[in-house]
Novice: 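Would you mind keeping the following structure in view while I ask a few things?
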Amino acid sequence: MAFSDFQQKLTDALREFASAELGAELAQIAAEVPPKTELGDLAFPVAFELAKELKQKTGEKQNPRAIAERIAPVLESFEFVDRVSIAGPGYINVYYDRAAFVASRSERPSLAEHGSAGDKICVEHTSVNPNKAAHIGHVRNSVLGDTFVRILRAAGHDVEVQNYIDNTGVQVADVVVGFIHLEGMDLEAIKSLDAKLAGEGRSFDYFCWDLYTRVGQEYQQNEALKENRAETLHMIEAGDNPTAELADYVATRNVECILDTMERLSIRYDLLPRESEILHLHFWEKAFGLMKERETIRLETEGKAAGCWVMPFESHEGSDEHETDKILVRSNGTVTYTGKDIAYQMWKLGLLGLDFHYRHFSTYANGQDVWITSAKVTANDLSVPEFGHAEKVYNVIDTRQSYPQEVVKKGVALIFPERGEDASVHLNYEMVALSPTAAEELGFELSEEDRSKSFVEMSGRKGLGVKADDLIDRLEKDAFAEVEKRHPDITDEEKNGIAHQIAVGALRYFLLKFTKNTVVIFDFKEALSFEGETGVYCQYTAVRANSIFRKLDENAVAEAYETISGSRSAVSELFAGEDGDGIWSLIALAARLDEAISQSVNAAEPATLARYAFNLSKAFNLFYHHHRIIDESDAVKRSVLVAAADHAKTALTSALATLGIQVPERM
RNA sequence: GCUCCCGUAGCUCAGCAGGAUAGAGCAUCGGUCUUCUAAACCGAGGGUCGCACGUUCGAGCCGUGCCGGGAGCACCA
């Protein structure tokens, strides 16, 4: 049984007691982890609240300590509770039975079993415009999304991962304009360029990155090119023409490149829904019809938005410059992104009444398949899984898009009030910006104004950004050098493998340690660090733990648990002794993994789990420096130390896996 | 103008649903490797939690006002 189960039982008992004996109905019972191990494993400040409530009821002043005294025996009656103490003005501190707990080997009944079947959750993340290489800002989105997916799965949910491909948007059009009008290329020329780049070890998405920047610069002085953009965008949206075909090739190649980048970080997808299918399979028309039917939108006949279909939006004030309502259909009849997203969200929730066709896109090295949407029915080499039909949807999107996301959420809720606004969650996070120093290290000339700012925003259009693959390459190179220092004897292949795991650990943790609404100001020194609060520190800790078990006999762990079970009183004595609190605090922290995961889920905040992994690592290192495990001569103590290390290792490895961080055999 | 977010140690950030003496990393200074990996550990210094009022037994957290910073309010996404 885990600590979370203990807490559940105790709060239930408390609630019942308060109701039956004191006549107080407690809706929520606060519980907290005491600041120090000596103060117990769980604390209830509930006596303060009860004192207040009883005073209101009876008019008599109540002493919280006296109430706490009455509650203590109730909690003490549980077999997993060793004792209860009243501390300070009336805290009820619960101490678990340490010897009994440590004896139960922490086999994780993987939280998966807690989940109820059928509550499918859909998480959309990454959704990088397929017109250039991914940069560090995109990676924050992907790492947050992927980690949240892992956390949801660890909490027992069935999750489907979607990466939306905006293959018919302005950004793709811009690169297409570059290929056609700046490079003078047709589809065949692009294909041979692609082959040539591959031969030179250069990548297509990097070429597009530079080309996109050039197009952006050219627009500023070339009006004709801007006209080409509008025309190109129109051709791409319409489909079935050479420009659209060219755009499809460019977008698809960029998707492949971006998926390769993400695969380096162990980030994978189930489905790639494309905007072209939203258009061609008439998802919008269907949603549009439903919205008109339910009168959630109206056709504007006068004012600035005359001729547009808009959704009323009262919570935002209008002004001279800004409209109150959100335009979904432009006066020329085309649909805005927000409009298309409403249709897409409805599909995700299984509310649209239409479906995509699907085509197998590729298979990952681990055997997982990725599917992509298709406008046409295709012959399937594998049976197509069911996509969409989710109970709940999380959209991992930059906080700057909060306003349109609010419109989307409201739009869906207005059409399907029975599902409400809760069905769709905008998992928003702040951007990644560059420190002025980092921008200069990338070779960008900064204006006086930029230099005085605390950060510089990245810009795909200006080509200002840290490309994901560049950063991973650099991390792998640095990690390789560190591995070589420590293990000169192993093969390069092994070194590369370890360096890769370290690089991924460093990068993922770096992006997860900040809470979502903190702007990450990217700094090379910090991102490349392998010391202190980093993923590498956590990995190193787990590696240390593993090397203990590697040096122990094969069945030493099983024997340790047997010894503990057979000598309960000696174990209790040990825990009551001078090393007791120290050893127990590690075991207790390891037992809180479930709580860290459910907190992460409830707050939709992966940083919570990242911090937990770091704190557990610190606790293990403290323990490690305090005790010699293998050399311990006292058999009982040695067994407890082995069991404590085992509890910690299991929890840490599991926490790291949930963060998408692997533990190398050595490093 | 309106909406949202932020302000905690020199720097970068945590701080759970309001609870016990406000924490971590980095940086600085001083200690630890014949040992289960020193990518580590221990110690020291460093705080009017932006300011002011209020609610509460109790406020970094809640409310109001102010100051300072950021983002958004497109027929872009």
Side-chain angles (χ1 to χ4, degrees), chain A residues 28-36 39 43 45 48 51-52 55 64 87-91 93 127 129 166 169-171 304-305 307-308 310 313 315-324 326-332 334-338 340-341 397-404 406 428 430-431 433 453-455 457 479 482-483 485-487 502 513-515 517-521 523 525-526 529-534 536-537 539-541 543-552 595-596 599 602-603 605 607-608 611 614-615 618 621-622 624-631 645 666-667:
Chain A
Q28 286 192 316
I29 295 178
E32 64 192 80
V33 179
K36 283 181 167 181
L39 294 170
F48 305 117
K52 183 165 42 173
K55 187 185 166 190
Y91 285 98
N93 290 341
S127 305
N129 268 300
D166 186 2
V170 185
Q171 292 210 28
K304 264 169 67 175
C308 298
V310 304
F313 213 73
S315 71
H316 286 255
E317 291 284 312
S319 70
D320 293 350
E321 287 166 72
H322 304 292
E323 295 299 323
T324 316
K326 180 68 194 167
I327 291 169
L328 300 184
V329 181
R330 303 181 185 106
S331 54
N332 67 2
T334 55
V335 191
T336 63
Y337 167 83
T338 309
K340 282 178 270 196
D341 207 17
I397 303 174
D398 193 322
T399 193
R400 286 172 291 190
Q401 289 187 42
S402 291
Y403 170 61
E406 215 180 318
N428 62 323
E430 272 290 354
M431 65 178 159
K453 284 184 175 172
S454 57
F455 61 83
E457 229 178 296
E482 294 293 325
V483 174
K485 262 195 258 174
R486 293 165 175 82
H487 306 282
I502 291 172
K513 73 189 219 181
F514 301 96
T515 51
N517 59 7
T518 298
V519 178
V520 174
I521 300 173
D523 175 82
K525 187 168 167 281
E526 222 183 309
S529 169
F530 293 159
E531 287 165 20
E533 195 194 343
T534 63
V536 182
Y537 173 91
Q539 288 173 309
Y540 181 71
T541 308
V543 165
R544 271 181 154 174
N546 285 340
S547 55
I548 294 171
F549 293 101
R550 196 169 48 238
K551 299 206 171 168
L552 281 169
E595 292 164 45
Q599 269 178 36
N602 294 337
E605 180 55 273
T608 305
R611 196 156 285 273
F614 174 66
N615 285 331
K618 270 204 309 186
N621 277 319
L622 184 65
Y624 179 90
H625 279 270
H626 217 81
H627 305 283
R628 308 286 316 158
I629 297 165
I630 295 175
D631 300 340
R666 50 184 160 176
M667 65 187 275

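We name chains A, B, ... by the order of the sequence lines, and we start the count at 1 in each one. Side chains included, hydrogens not; waters and symmetry mates left out as well; all remaining heavy atoms used.
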Novice: Rounded to whole angstrom, note down the C1' distance from B:rG23 over to B:rG60.
Specialist: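 12 Å, rounded to whole Å.
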Novice: Is the side chain of A:Thr336 donor-acceptor paired with the backbone N or O of A:Ile327 at a distance under 3.5 Å, no angle test?
Specialist: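 Answer holds: yes.
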Novice: Using the C1' atoms only, state how far B:rU32 lies from B:rA20, rounded to an integer number of Å.
Specialist: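 Each nucleotide's C1' atom is 33 Å from the other's.
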Novice: Base, sugar-phosphate or nothing for A:Glu526? Non-hydrogen atoms, less than 4.0 Å.
Specialist: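 Sugar-phosphate, backbone atoms only, no base.
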Novice: Report yes if the side chains of A:Thr541 and A:Tyr624 come closer than 4.5 Å at any heavy-atom pair, otherwise no.
Specialist: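 No - every pair of side-chain heavy atoms lies 4.5 Å or more apart.
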Novice: Using a 4.5 Å cut-off on heavy atoms from C-beta on, say whether the side chain of A:Phe530 contacts that of A:Met667.
Specialist: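 With C-beta onward as the side chain, the pair stays apart.
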Novice: Is A:Glu32 touching bases, backbone alone, or none of the nucleic acid, heavy atoms closer than 4.0 Å?
Specialist: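 If one applies the 4.0 Å heavy-atom cut-off, A:Glu32 turns out to touch a base.
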Novice: Check whether the side chains of A:Tyr337 and A:Asp166 place a donor and an acceptor atom closer than 3.5 Å, and report yes or no.
Specialist: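 Distance-only check fails for A:Tyr337 and A:Asp166.
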Novice: Take A:Phe614 and A:Thr338, find for each the nucleotide of RNA chain B with the closest heavy atom, and name the residue whose nucleotide sits nearer the 5' end.
Specialist: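 The residue closer to the strand's 5' end, by nearest nucleotide, is A:Phe614.
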Novice: Please measure how far the P atom in B:rU55 lies from the corresponding atom in B:rC13, and state the result in whole Å.
Specialist: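 Here B:rU55 and B:rC13 have their P atoms 35 Å from each other.
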Novice: Would you kindly give the CD1-to-C1' distance between A:Ile397 and B:rA71, to the nearest whole Å?
Specialist: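 In whole Å, B:rA71 C1' and A:Ile397 CD1 are 16 Å from each other.
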Novice: Could you work out the separation of B:rU3 and B:rC11 based on their C1' atoms and round it to a whole Å?
Specialist: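 To the nearest whole Å, 32 Å.
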Novice: To the nearest Å, give me how far apart NZ (A:Lys304) and P (B:rA74) are.
Specialist: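 In whole Å, B:rA74 P lies 8 Å from A:Lys304 NZ.
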Novice: Provide, to the nearest angstrom, the distance between the CD atom belonging to A:Glu457 and the P atom belonging to B:rA71.
Specialist: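 After rounding, the gap between these two atoms is 6 Å.
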Novice: Mapping A:Thr334 and A:Lys525 onto RNA chain B by nearest heavy atom, which one lands closer to the 5' end?
Specialist: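 Here A:Lys525 is the residue nearer the 5' end.
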Novice: With the sugar-phosphate defined as primed atoms, P, OP1 and OP2, and the base as all remaining atoms, what B/S/- string results for nucleotides 33-42 of chain B, 5' to 3', for protein heavy atoms under 4.0 Å?
Specialist: --BBBSBBSS
Novice: Return yes if some donor-acceptor pair links the side-chain N/O of A:Lys513 with the main-chain N/O of A:Glu533 below 3.5 Å, else return no.
Specialist: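 Such a contact is found between A:Lys513 side chain and A:Glu533 backbone.
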Novice: Check every strand shown and say whether A:Thr518 touches a base, only sugar-phosphate, or nothing at a heavy-atom separation below 4.0 Å.
Specialist: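 Counting heavy atoms under 4.0 Å across all strands, the contact made by A:Thr518 is with sugar-phosphate only.
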Novice: I'd like to know if A:Ser331 reaches the base of B:rC75 with its side chain, counting only an N/O donor and acceptor under 3.5 Å.
Specialist: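 Under the 3.5 Å cut-off, the side chain and the base do form a donor-acceptor pair.
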Novice: Ignoring hydrogens, what is the shortest heavy-atom contact between A:Ile630 and A:Lys551? Give both atom names and the distance.
Specialist: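 Heavy atoms only, the tightest pair is CD1-CB, 3.7 Å.
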Novice: Taking side chain as C-beta onward, heavy atoms only, is A:Val536 less than 4.5 Å from A:Glu531?
Specialist: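 When only atoms from C-beta onward are counted, A:Glu531 and A:Val536 do not touch, as no gap falls below 4.5 Å.
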Novice: Is the base of B:rA17 touched by the side chain of A:Asn602 through a donor-acceptor pair closer than 3.5 angstrom?
Specialist: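 Looking at the base of B:rA17, it does not pair with any donor or acceptor on the side chain of A:Asn602 (distance under 3.5 Å).
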Novice: Using the P atom as the point on both nucleotides, what is the distance between B:rG30 and B:rC49, in whole Å?
Specialist: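 32 Å, rounded to whole Å.
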Novice: Would you mind classifying the nucleic acid contact of A:Ala43 as base, sugar-phosphate or nothing, using non-hydrogen atoms under 4.0 angstrom?
Specialist: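 Here A:Ala43 touches the bases of the nucleic acid.
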Novice: Under 3.5 Å, is there an N or O donor on one side and an acceptor on the other linking the side chain of A:Lys36 and the base of B:rU21?
Specialist: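 Under the 3.5 Å cut-off, the side chain and the base do form a donor-acceptor pair.
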Novice: Starting from P on B:rU21, measure out to CG on A:Leu39 and report it in whole angstrom.
Specialist: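 After rounding, the reported distance stands at 10 Å.
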Novice: Roughly how many Å is it from NZ in A:Lys513 to P in B:rG25, rounded to a whole number?
Specialist: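 Value for this atom pair: 11 Å.
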Novice: Compare the minimum distances between each of B:rC13, B:rC6, B:rA20 and the side chain of A:Ile521, then state the nucleotide with the smallest one.
Specialist: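 The closest nucleotide is B:rC13.
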Novice: Testing the basics here: between A:Ala596 and A:Thr608, what is the closest heavy-atom pair and its distance to 0.1 Å?
Specialist: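 It is O-CG2, 4.2 Å.
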Novice: Send over the distance from A:Glu406 CD to B:rU3 C1', rounded to a whole Å.
Specialist: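 Distance, rounded to whole Å: 9 Å.
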Novice: Counting any heavy atom closer than 4.0 Å, what does A:Asn428 reach on the DNA or RNA strands: base, sugar-phosphate only, or nothing?
Specialist: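 Counting heavy atoms under 4.0 Å across all strands, no contact is made by A:Asn428.
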Novice: What integer number of Å spans the C1' atoms of B:rU64 and B:rA59?
Specialist: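 These two C1' atoms come out 15 Å apart once rounded.
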Novice: Indicate yes or no: at least one non-hydrogen side-chain atom of A:Glu605 is less than 4.5 angstrom from one of A:Thr515.
Specialist: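 Sidechains of A:Thr515 and A:Glu605: in contact.
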Novice: What distance, rounded to whole Å, do you find between the two P atoms, one in B:rA77 and one in B:rG72?
Specialist: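 Comparing P positions in B:rA77 and B:rG72 gives a spacing of 16 Å.
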Novice: When Watson-Crick pairs (N1 to N3 and N6-O4 or O6-N4) and G-U wobble pairs (N1-O2 and O6-N3) count only below 3.5 Å on both distances, what is the dot-bracket string of RNA chain B, with | for other-strand pairs?
Specialist: (((((((..((((.....[...)))).(((((.......))))).....(((((..]....))))))))))))....
Novice: What's the closest nucleotide to the A:Phe455 side chain, out of B:rA20, B:rG70, B:rU12?
Specialist: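 Of B:rA20, B:rG70, B:rU12, B:rG70 is nearest to the side chain of A:Phe455.
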Novice: Looking at side-chain heavy atoms only, is the closest gap between A:Leu328 and A:Thr338 below 4.5 Å?
Specialist: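 Touching, per the 4.5 Å side-chain cut-off.
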Novice: If you measure from the P atom in B:rG18 to the same atom in B:rC57, how many Å do you get, rounded?
Specialist: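 Per the computed distance, 16 Å lies between those P atoms.
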Novice: By the 4.0 Å heavy-atom rule, please label A:Pro404 as base, sugar-phosphate, or nothing.
Specialist: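 Answer is base: heavy atoms of A:Pro404 come under 4.0 Å of a base.
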Novice: For B:rC33, measure the glycosidic angle (O4'-C1'-N9-C4 for a purine, O4'-C1'-N1-C2 for a pyrimidine) and name it syn if it falls within 90° of 0, otherwise anti.
Specialist: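 B:rC33: syn.
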Novice: Calculate the interatomic distance between A:Glu533 atom CD and B:rA14 atom C1'; express it in whole Å.
Specialist: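 Taking atom C1' of B:rA14 as the reference, CD of A:Glu533 is at 8 Å.
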Novice: Please check if the side chain of A:Ser529 supplies one atom and the backbone of A:Lys525 the other of a donor-acceptor pair under 3.5 Å.
Specialist: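 Looks like no, no N/O pair under 3.5 Å.
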